[in-house]
Amino acid sequence: MSDVTIKQLAQVLGMPVDKLLTQLGEAGMKFSDQEQVISSTEKVKLLGFLRRTHGKGDTAAEADASAPRQITLKRRTVGELKVATPGARGAAGTAKTVNVEVRAKRTYVKRSVIAEEASAEPEREEAARKLQESQQQREQEETEHREQEARRQEEAQQRAREEEQKQQAAEAQRRAQAEAEAAEQAPAATETAAPAPEASGVEATQDAADSSVVQRIDQRELGMILPRIHEPRKREKLVKPAPAPAPAPAPAPAPARAATTRPAAGASDTAAPATDAGRGKAKHARGGERGDASGKRFAGGELHLSEADRARRSSNNKRGKPGRSSGRDAMRSSHSAPSGPHGFSRPTAPVVREVIVSDANIVAELAQKMAVKGSEVVKALFKMGVMATINQTIDHDTAVLVVEELGHVPVADTQNNAEETLAAHTQNVELEGEKSTRPPVVTIMGHVDHGKTSLLDYIRRTKVASGEAGGITQHIGAYHVKTSKGVITFLDTPGHAAFTSMRARGAQSTDIVILVVAADDGVKPQTIEAVKHARAAKVPLIVAVNKMDKDGANPDNVKQGLVAQEVVPEDWGGDVQFVPVSAKTGMGVEDLLDAISIQAEVMELSAVVDGRASGVVIESSLDRGRGPVATVLVQQGTLKKGDFIVCGIEYGRMRALIDESGKQVAEAGPSIPVQVLGLSGVPETGDDFVCVEDERLAREVAEERQLKRRETRMVSKANRLEDIIARMGQGEEQQTLNILVKGDVQGSVEALRESLTQIGNERVRVNVVSSGVGGITESDATLAAASKALVIGFNVRADASARKVIETNGLDVRYFSIIYDVIDQVTQAATGLLGMEVREDIIGLAEVRDVFRSSKFGAVAGCMVTEGTVKRSKPIRVLRDSVVIFEGELESLRRFKELVDEVRNGMECGIAVKQYNDVKAGDQIECFERTEVARTL
Ligand code: GDP
């Protein structure tokens with residue numbers, strides 16, 4: 001294109017030169033004269049500018065214009081949601097399933113368009129602002145519209161009401177007229193048939209009739225008009241008797257027409273009641289269907305329906321006859337649709353719920369409380385590194401985290417009503433009662449063979465049993481002695497481990513610890529351990545330097561050893577009493593008791609004597625004849641026979657209280673141990689007990705605790721799975737050593753369980769699969785077989801049926817009578833130390849069939865050897881209900897009065913046990929031998 005002047009260009013474009021000059025100026029090109037030549041590039045520039053200013057794209061964009069700039073995709077997903085019904089706190093609420101339809105719309109815009117928009121950033125901002133403004137305006141309009149709508153609706157309702165009233169009035173008037181006319185015509189008709197009663201009074205009567213009719217309508221009929229409107233048929237009938245030629249009054253022609261033009265209505269009426277009865281409420285709607293005036297009026301009446309009414313009506317219809325009602329529904333919806341916005345408003349912000357989190361939470365229930373899908377919670381948990389299915393239980397902390405993760409607020413579960421009531425109960429006792437001095441509770445600790453048992457025995461023998469025939473007949477785990485300085489209670493528990501396990505449960509049962517150290521042996525590892533335990537529990541120590549009667553006794557050695565442990569004797573400037581004693585001769589025992597009393601005085605021990613009792617379980621077991629038996633130490637109040645108590649997860653009414661001498665007592669005050677009967681199950685050592693007023697509360701609390709414990713167990717199972725996963729992640733296979741522990745008393749079992757679980761390293765992990773009190777039963781053996789567990793019997797044996805399972809499954813069952821042996825063996829097995837091991841093998845078992853008392857031999861048990869061989873030279877144990885009750889030696893082994901060395905399986909024999917006369921029929925006597933074997937893992 002050849003160059004042209006501006007003037008020429010203006011002519012070509014057909015626009016004034018001045019305007020072209022200004023446009024050129026705006027486009028950034030300076031031209032002053034119309035004769036100036038404009039180049040083709042400048043022309044293109046101008047064109048570009050003009051296009052931009054007039055909103056046209058360039059040519060390339062125009063070419064693209066036919067192609068879509070953006071694609072919008074719509075997606076519809078339908079899901080289900082379980083929602084807890086409002087008002088139902090926690091999991092107890094019933095669930096409601098809500099169908100959720102999500103319509104997602106996604107718009108994909110071409111990149112070039114975005115780039116273009118990006119280049120025009122300020123314009124976009126402007127556009128955004130405008131958009132916002134327009135949106136706001138729209139919103140405003142919408143609210144206005146809604147208000148208008150509401151107003152309109154109200155007006156419509158008002159109008160409808162007015163209309164109705166007007167019609168009512170009109171009808172009343174019409175009726176009045178009709179009646180008046182009837183009244184007018186009636187005398188006329190009678191005139192021909194019969195003489196008028198009072199011809200002169202006609203005028204006056206008519207007037208009176210007129211006014212009285214109006215009055216009647218005013219007062220009576222008006223009240224009936226409303227129901228009549230809803231019953232057009234009846235009204236038709238009412239109208240029918242009126243004389244046909246009655247001129248239809250102008251204001252309300254419709255009913256009259258209905259009466260005259262639809263004579264078939266009567267025929268249909270006869271058939272109607274049957275269907276009417278079936279359709280119930282749909283009757284009114286049918287009036288509308290017919291399309292007559294009254295129907296329309298009724299349709300107007302629909303506006304009066306409350307939201308709830310409408311919902312009920314529609315739901316009634318749906319439930320009743322879905323097929324038939326659909327048409328009516330459609331019609332009704334066409335009536336009600338324009339009458340206002342629907343009830344569902346889209347949530348504008350995420351709904352934040354308060355979610356009750358308890359100690360154990362089932363994932364599905366948690367999801368329900370948050371009104372999200374279970375899979376959402378599982379997903380969130382997965383992201384947090386916790387594997388759980390919706391049916392699994394997660395602990396409190398994890399639940400709190402996942403609830404927060406999903407944007408809700410976790411709240412603590414405060415529904416432990418029974419527990420709270422119980423707490424209130426016990427608090428009152430503590431606050432109300434008057435405190436008085438109570439006896440000290442003493443535990444004896446020390447290294448093995450330093451004389452703990454001997455010392456306790458000596459005290460018991462001399463203090464408790466003195467003067468009482470038969471002495472202490474039963475072992476209840478604790479007893480109290482009366483000294484010149486007062487009462488002292490001794491806990492006869494299996495030493496440190498039980499002390500620690502009780503402490504671990506928060507049961508501080510001991511006031512003073514007596515540390516027994518043999519004067520001829522000095523401080524040993526378990527002595528140091530005992531010192532540590534006592535110190536950790538902040539319980540004062542009294543050192544009994546035992547075996548002072550021995551030649552090699554060196555009390556100074558003991559003192560030095562203990563000073564190294566920061567236990568400084570009083571005579572060396574410290575605060576710990578050291579008492580030299582001898583459990584054998586009884587020397588210094590009195591001084592020891594005095595020392596205890598002095599220490600107790602210093603400590604000013606006190607407790608409330610009157611009121612409901614509370615305390616702690618120190619031992620428990622299951623007795624075949626008496627049921628669950630527990631030795632409890634009363635710490636506050638007085639426990640009486642017949643009281644209701646809650647004890648750990650068990651409860652019950654105290655059937656009997658038995659003291660250490662086997663006598664029944666009526667009550668037990670603070671610091672007094674008693675054996676109790678009547679509990680619902682065997683409580684655990686260290687469990688608290690409290691006395692409650694009514695049995696219902698006792699049961700509720702116990703049940704609540706049981707549930708909680710079960711749930712916590714389930715939680716721990718879930719964790720175990722995690723453990724395994726974590727281990728697999730490490731790549732190195734760690735062995736798990738499963739152990740099943742059964743023992744004679746709860747204290748030993750608890751101690752074993754605790755000590756065993758602590759054993760373990762990166763190669764071996766010890767896992768106690770089950771533990772309990774009593775002989776090893778068939779179910780124990782089955783469990784052990786299923787979990788490939790090592791079975792440990794501590795002073796208990798497997799019964800006959802259990803033995804069968806053990807044999808068929810080749811289970812490893814080991815019997816022990818010393819806790820340290822168990823721990824030692826398992827530790828060494830776990831650390832892979834192989835060496836020599838002393839193992840006890842049961843070589844023979846005899847069943848006691850009868851017991852004969854002979855003056856010469858004492859009690860002789862007539863037995864049948866049921867397994868292996870009973871040998872006279874070997875040690876024996878007496879078992880009752882699979883629990884070891886005595887360990888010792890055979891006094892004699894006879895077959896038909898002949899002394900023999902051994903008796904084989906299937907033969908009868910007479911056995912006398914040394915120092916033991918309490919053998920009963922049904923007991924078992926096992927004969928064992930100790931062998932040293934090479935240890936194998
Ligand atoms: P425990 O393991 O600490 O309970 O110790 P025991 O009470 O079983 O005693 C272990 C051994 O020490 C037993 O053989 C007792 O006879 C003996 N014994 C305990 N006290 C004394 C004592 O005061 N003098 C002497 N000579 N021997 C004692």
Side-chain angles (χ1 to χ4, degrees), residues 442-465 471-472 475-479 481 490-500 510 512-534 541-559 561-562 577-593 595-596 618-619 744-745 747-748 751-752 755 794-795 816-824 838 875 877 884-889 914-916 930:
V442 177
T443 301
I444 297 191
M445 302 215 281
H447 194 75
V448 66
D449 275 354
H450 277 198
K452 296 184 292 292
T453 323
S454 307
L455 186 62
L456 269 171
D457 277 352
Y458 182 85
I459 297 167
R460 189 155 48 180
R461 219 173 36 242
T462 53
K463 295 291 167 186
V464 181
I472 295 215
H475 169 90
I476 73 160
Y479 53 88
V481 297
F490 286 94
L491 290 191
D492 187 5
T493 53
H496 317 176
F499 181 81
T500 336
T510 307
I512 299 163
V513 165
I514 309 274
L515 182 61
V516 176
V517 191
D520 60 341
D521 205 13
V523 173
K524 291 281 154 191
Q526 280 163 31
T527 317
I528 296 168
E529 205 184 294
V531 171
K532 282 186 185 149
H533 282 312
L541 269 179
I542 293 175
V543 179
V545 186
N546 194 26
K547 304 196 186 180
M548 285 302 287
D549 59 304
K550 275 196 164 183
D551 290 341
N554 184 359
D556 280 349
N557 185 27
V558 174
K559 284 183 184 172
L562 283 173
Q577 301 185 66
F578 275 62
V579 186
V581 295
S582 167
K584 203 173 181 181
T585 63
M587 172 207 126
V589 172
E590 207 58 49
D591 295 338
L592 181 66
L593 298 178
I596 294 168
I618 50 182
E619 209 165 85
D744 56 344
V745 286
S748 326
L752 270 175
S755 318
F794 186 79
N795 275 338
F816 296 91
S817 49
I818 300 166
I819 288 188
Y820 298 103
D821 274 357
V822 186
I823 295 163
D824 183 54
V838 178
R877 288 193 187 98
V884 177
I885 54 167
F886 181 78
E887 187 174 334
E889 284 168 44
K914 221 181 237 177
Q915 294 172 334
Y916 191 72
R930 290 196 173 91

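Keep in mind that the numbers below use all heavy atoms, side chains included, and drop hydrogens, waters and symmetry copies. Remember, predicted model here, so these are calculated numbers, not experimental data. All ligand and atom numbering here is 1-based and tracks the order in the structure.
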Looking at [X], which atoms of ligand 1 are within less than 4.0 Å of one of its heavy atoms?
| X | value |
| --- | --- |
| D549 | 22 (C), 23 (O), 24 (N), 25 (C), 26 (N) |
| H447 | 3 (O) |
| D449 | 1 (P), 2 (O), 3 (O), 5 (O), 10 (C), 12 (O) |

Mind checking whether M548 has an N or O less than 3.5 Å away from an N or O of ligand 1?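 N/O-N/O distance below 3.5 Å does not exist for this pair.
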Please determine if A583 has a nitrogen or oxygen closer than 3.5 Å to a nitrogen or oxygen of ligand 1.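 Between A583 and ligand 1, an N or O pair is found under 3.5 Å apart.
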Flag side-chain contact, heavy atom, 4.5 Å: [X] against [Y]:
| X | Y | value |
| --- | --- | --- |
| N546 | H450 | no |
| V516 | I444 | yes |
| I819 | L752 | yes |
| L592 | L455 | yes |

For [atom], the protein heavy atom that lies nearest, with its residue and separation:
| atom | result |
| --- | --- |
| atom 20 (N) of ligand 1 | N546 ND2, 3.1 Å |
| atom 9 (O) of ligand 1 | S454 OG, 3.4 Å |
| atom 8 (O) of ligand 1 | T453 OG1, 3.9 Å |

ring-ring contact (aromatic ring centres under 6.0 Å, His included) against F794, all qualifying residues, sequence neighbours excluded: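 ring-ring contact (aromatic ring centres under 6.0 Å, His included) list for F794, sorted by chain: empty.
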Among V543, V545, D520, find the one that has a side-chain contact (heavy atoms from CB on, under 4.5 Å) with P555.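 One option only clears the test, and that one is V545.
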Protein heavy atom under 4.0 angstrom of atom 5 (O) of ligand 1, is there one?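 Looking at atom 5 (O) of ligand 1, one finds that a protein heavy atom does lie closer than 4.0 Å.
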Considering K452, H450, K547 one by one, which has a heavy atom nearer to atom 27 (N) of ligand 1 than any of the others?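 The nearest heavy atom belongs to K547.
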E889, CD: over 12 other non-hydrogen atoms inside 6.0 angstrom: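 At most 12 heavy atoms, drawn from other residues, nucleotides or ligands, come within 6.0 Å of this atom.
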